[in-house]
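Treat the numbers as computed from the prediction; the structure is a model and nothing was measured.
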Amino acid sequence: MKIQKQQWGVEEYFPEEIIGKIMLKLPVKDVIRCSAVSKLWNSLVKNPTFIQTHLKNQTHDGISKRLLLISRQSYDLHWDNPAALFGQCSNLRNPIRNSNWTKGMVGEVVGTCNGLVCLAVSSIHGDPCPPVILWNPSIRKFGFLPSPSRAVDCYRYESYYLCYDSRIDDYKVVRIVSEPYCQVEVEVWSLASGSAWKSLNNVPADFSPITSRHAFVNGAFHWVQSRLTRGEEEEECTVSVVALDMVDESFRNVEIRQGFWRDSPPIISRYHGDGDQCWLALSEIQGISCFDLWVMKDYGVAESWTKLFSVRLLGSPEEEPCIEPFGFTKSGQVVVRMGRDGELNSFKSYDPKDKQFRDFGNQAYDYYFMDSFVESLVLLGQTNVFSY
């Protein structure tokens with residue numbers, strides 16, 4: 001008589017709840033490997049609650065201290081650690097260069113949030129309405145957003161912004177289109193709904209950001225804008241900060257202290273304070289080789305604007321190079337672009353504690369984007385996404 005051997009799976013030894021808790025502690029790549037073990041595990045890791053909880057664990061455990069550095073030459077992840085000299089930890093495979101779905105396209109990174117990267121795409125075929133891509137490099141998946149309602153021609157300029165709405169666990173992309181002598185148009189797309197772009201009809205008539213540089217703080221996008229006002233003798237230029245709250249998709253003004261203008265308008269960003277604090281920040285330019293960093297410690301309270309420190313590059317007037325803020329790391333360092341004669345082609349990190357500049361990144365690369373990055377499972381289990 002033949003004796004049939006009993007096949008035992010891991011599920012028979014460990015309850016599903018215990019397996020889930022173990023996988024919540026694993027890195028993204030290991031979770032993806034586990035999803036191929038069984039249908040039960042595959043279903044578990046694609047559950048939205050599991051994906052959200054895994055992301056929180058990644059963030060709270062300090063694993064998120066990485067920097068996404070994007071140049072025309074390479075897409076890289078670096079350690080957000082000055083002791084390690086912000087060394088490179090991995091290189092990301094660009095989905096546009098490595099997929100049959102994106103032949104003939106060129107992409108530019110415009111934002112990152114919770115492991116997602118937003119790519120604004122242009123087509124070498126002259127497509128008047130090129131796609132926007134949401135990409136998760138950690139799980140090597142990407143998806144196309146629907147075409148916006150209006151195409152862009154040579155007279156129209158568009159910019160894109162990515163954020164996370166924690167209130168409803170949703171990712172949103174904002175599209176801003178500007179055209180000379182016309183009111184700015186703003187559209188919003190939601191990953192949860194996956195439907196068409198929604199046009200906002202409450203855009204202020206004078207909404208006109210100076211540049212695409214922005215800060216996402218306290219659930220809202222923030223931009224610097226300027227306007228000419230008639231003074232006693234001549235026209236004066238004043239700056240203000242306008243916010244788009246992504247909870248109710250409404251616009252509002254954020255008070256700033258008077259005098260935020262000298263040689264050029266302030267540069268807006270966010271600055272990570274102690275613990276989990278995230279402040280709205282303005283870099284006030286004080287000449288070609290110095291700027292002051294101001295932060296709003298109590299959001300919405302104009303009197304809480306506080307000068308944290310100055311970044312100054314010392315040297316003889318003949319050799320004085322230009323510097324401007326490029327970004328801020330979660331470890332508290334300031335990354336600046338540096339150069340002479342208007343060519344800002346090198347990067348340095350500045351430590352506010354010892355006031356020293358140090359080499360940053362690959363000096364052969366011309367970076368155009370930097371932000372904090374955390375690996376995640378977002379997009380796993382989504383329909384209409386592609387692998388590469």
Chemist: Should side-chain heavy atoms under 4.5 Å link Ile, Leu, Val, Met, Phe, Trp and Tyr, which residues sit in the same cluster as Val242?
Modeler: Tyr161, Val174, Ile176, Val184, Val186, Val188, Leu200, Val203, Phe207, Phe216, Phe221, Trp223, Leu244, Met246, Phe251

Chemist: Enter the distance from His214:NE2 to Ser159:OG here, rounded to the nearest 0.5 Å.
Modeler: 9.0 Å

Chemist: Is there a path from Val247 to Tyr299 through hydrophobic residues (I, L, V, M, F, W, Y) whose side chains come within less than 4.5 Å of each other?
Modeler: no

Chemist: Distance check, rounded to the nearest 0.5 Å: Thr306 atom OG1 versus Trp294 atom CH2?
Modeler: 7.5 Å

Chemist: Between Val217 and Cys278, what is the shortest heavy-atom contact and its length?
Modeler: CG1-O, 3.7 Å

Chemist: In sequence, state the C-alpha distance, the side-chain angles, and the governing distance for Arg257 and Glu284, and then conclude on salt bridge (charged side-chain N to carboxylate O under 4.0 Å, His left out).
Modeler: CA-CA 11 Å; Arg257 72 177 190 87; Glu284 185 178 20; 2.7 Å; yes

Chemist: To check you understand the geometry: which heavy-atom pair defines the closest contact between Ala196 and Pro146, and what is its length?
Modeler: CA-CG, 4.3 Å

Chemist: Lys198 vs Glu249, test: salt bridge (charged side-chain N to carboxylate O under 4.0 Å, His left out). Steps then yes/no.
Modeler: CA-CA 11 Å; Lys198 179 178 69 173; Glu249 297 173 354; 2.6 Å; yes

Chemist: When hydrophobic residues are tied together by side-chain contacts of less than 4.5 Å, even through go-betweens, does Leu92 share a cluster with Val121?
Modeler: yes

Chemist: What I want to check is whether the side chains of Tyr160 and Glu158 have a donor and an acceptor closer together than 3.5 Å.
Modeler: yes

Chemist: Would Asp169 and Tyr164 count as having a side-chain donor-acceptor pair, cut-off 3.5 Å?
Modeler: yes

Chemist: Evaluate Met296 against Trp279 for side chain to side chain contact (heavy atoms under 4.5 Å, CB included), listing each step before the verdict.
Modeler: CA-CA 6 Å; Met296 190 180 230; Trp279 295 322; 5.8 Å; no

Chemist: If we check side chain to side chain contact (heavy atoms under 4.5 Å, CB included) with Phe291, which of these qualifies: Leu282, Ile285, Leu313, Ile267?
Modeler: Ile285

Chemist: Please name all residues satisfying side chain to side chain donor-acceptor pair (under 3.5 Å) with Asp366, sequence neighbours left out, ordered by chain then number.
Modeler: none

Chemist: Report yes if some heavy atom in the side chain of Phe360 is under 4.5 Å from a heavy atom in the side chain of Leu69; otherwise report no.
Modeler: yes

Chemist: Determine yes or no for a side-chain-to-main-chain donor-acceptor pair under 3.5 angstrom, with Thr211 supplying the side chain and Arg213 the backbone.
Modeler: yes

Chemist: Just checking, is any N or O donor in the side chain of Thr112 or Asp371 under 3.5 Å from an acceptor N or O on the other one?
Modeler: no

Chemist: Check whether any side-chain heavy atom of Cys34 lies under 4.5 Å from a side-chain heavy atom of Leu26, and answer yes or no.
Modeler: yes

Chemist: Ser190 and Asp170: side-chain donor and acceptor closer than 3.5 Å?
Modeler: yes

Chemist: For Gln356, does the CD atom sit with more than 12 other heavy atoms under 6.0 Å from it, leaving out its own atoms?
Modeler: yes

Chemist: Give the C-alpha distance, both sets of side-chain angles, the deciding distance and a yes or no for salt bridge (charged side-chain N to carboxylate O under 4.0 Å, His left out) between Lys330 and Asp80.
Modeler: CA-CA 7 Å; Lys330 281 191 174 181; Asp80 187 355; over 6 Å; no

Chemist: How far apart are the C-alpha atoms of Leu380 and Lys141, what are their side-chain angles, what is the distance that settles it, and do they pass the side chain to side chain contact (heavy atoms under 4.5 Å, CB included) test?
Modeler: CA-CA 8 Å; Leu380 192 64; Lys141 290 184 180 294; 3.9 Å; yes

Chemist: Are Leu344 and Val335 connected, step by step, through hydrophobic side chains (Ile, Leu, Val, Met, Phe, Trp, Tyr) whose heavy atoms are closer than 4.5 Å?
Modeler: no

Chemist: When you look at Asn81 and Lys65, which way does the side chain to side chain contact (heavy atoms under 4.5 Å, CB included) test go after all the steps?
Modeler: CA-CA 8 Å; Asn81 184 357; Lys65 289 196 173 180; over 6 Å; no

Chemist: Count the heavy atoms belonging to other residues, nucleotides or ligands that lie under 6.0 Å from CD of Glu255, then report whether that count exceeds 12.
Modeler: no

Chemist: Can you tell me if Ser71 uses its side chain to pair, donor with acceptor, with the backbone of Gln73 under 3.5 Å?
Modeler: yes

Chemist: Dump the intermediate steps for side chain to side chain contact (heavy atoms under 4.5 Å, CB included) on Leu44 and Met23, then the final yes or no.
Modeler: CA-CA 10 Å; Leu44 176 64; Met23 287 200 288; 3.1 Å; yes

Chemist: Taking side chain to side chain contact (heavy atoms under 4.5 Å, CB included) as the definition, give me every residue that meets it alongside Leu55, ordered by chain and number, with sequence neighbours left out.
Modeler: Thr59, Asn114, Tyr171, Val374, Ser376

Chemist: Parallel, tilted or perpendicular: which one describes the rings of Trp135 and Tyr75, with boundaries at 30° and 60°?
Modeler: tilted

Chemist: Taking ring-ring contact (aromatic ring centres under 6.0 Å, His included) as the criterion, tell me which of Tyr368, Tyr367, Phe86 meets it with Phe347.
Modeler: Tyr367

Chemist: Are any of the side-chain heavy atoms of Leu191 and Lys172 separated by less than 4.5 Å?
Modeler: no

Chemist: Report whether Met338 and Leu85 are members of the same hydrophobic cluster (ILVMFWY, side-chain heavy atoms less than 4.5 Å apart, transitive linking).
Modeler: no

Chemist: Does Arg66 make a cation-pi contact with Phe373 (under 6.0 Å, within 45 degrees of the axis)?
Modeler: no

Chemist: Do Leu68 and Leu77 make a side-chain contact, defined as non-hydrogen atoms from C-beta onward lying under 4.5 Å apart?
Modeler: yes

Chemist: Are the side chain of Arg270 and the backbone N or O of Ala215 linked by a donor-acceptor pair below 3.5 Å?
Modeler: no

Chemist: Can you list everything that forms a side chain to side chain contact (heavy atoms under 4.5 Å, CB included) with Asp351? Sequence neighbours excluded, please.
Modeler: Gln333, Lys353, Asp354, Arg358

Chemist: Donor-acceptor pair, His78 side chain versus Asp76 backbone, under 3.5 Å?
Modeler: no

Chemist: Mind checking what makes ring-ring contact (aromatic ring centres under 6.0 Å, His included) contact with Tyr271, not counting sequence neighbours?
Modeler: Phe328

Chemist: If you define the side chain from C-beta out and look only at heavy atoms, does anything of Leu162 sit under 4.5 Å from Val117?
Modeler: no

Chemist: So do Leu293 and Lys307 actually touch side chain to side chain, heavy atoms under 4.5 Å?
Modeler: no

Chemist: Considering non-hydrogen atoms only, spot the tightest contact between Asp298 and Ser304 and give its length.
Modeler: O-OG, 2.9 Å

Chemist: Check the orientation of Phe50 and His54. Use parallel for under 30°, tilted for 30 to 60°, and perpendicular for over 60°.
Modeler: parallel

Chemist: Under the rule for ring-ring contact (aromatic ring centres under 6.0 Å, His included), what residues qualify as partners of Phe357, not counting sequence neighbours?
Modeler: Tyr350

Chemist: Do Val295 and Leu280 have side chains that get closer than 4.5 Å, going by heavy atoms?
Modeler: no

Chemist: Just by distance, with hydrogens left out, do Ser283 and Asp292 show a side-chain donor and acceptor under 3.5 Å apart?
Modeler: no

Chemist: Fit a plane to each ring of Trp189 and Trp197, take the angle between them on a 0 to 90° scale, and name the class: parallel (under 30°), tilted (30 to 60°) or perpendicular (over 60°).
Modeler: tilted

Chemist: List the atom of Ala243, the atom of Ala220, and the distance in Å for their closest heavy-atom pair.
Modeler: CB-CB, 4.3 Å

Chemist: Specify the closest pair of heavy atoms between Ser372 and His272, including all atoms of both residues, with the distance to one decimal.
Modeler: OG-NE2, 4.4 Å

Chemist: Got more than 12 heavy atoms from elsewhere within 6.0 Å of CG, Asn384?
Modeler: no

Chemist: For Gly339 versus Asn345, what's the shortest heavy-atom pair and its separation?
Modeler: CA-OD1, 4.4 Å

Chemist: Heavy atoms, side chains only, cut-off 4.5 Å: are Val224 and Pro209 in contact?
Modeler: no

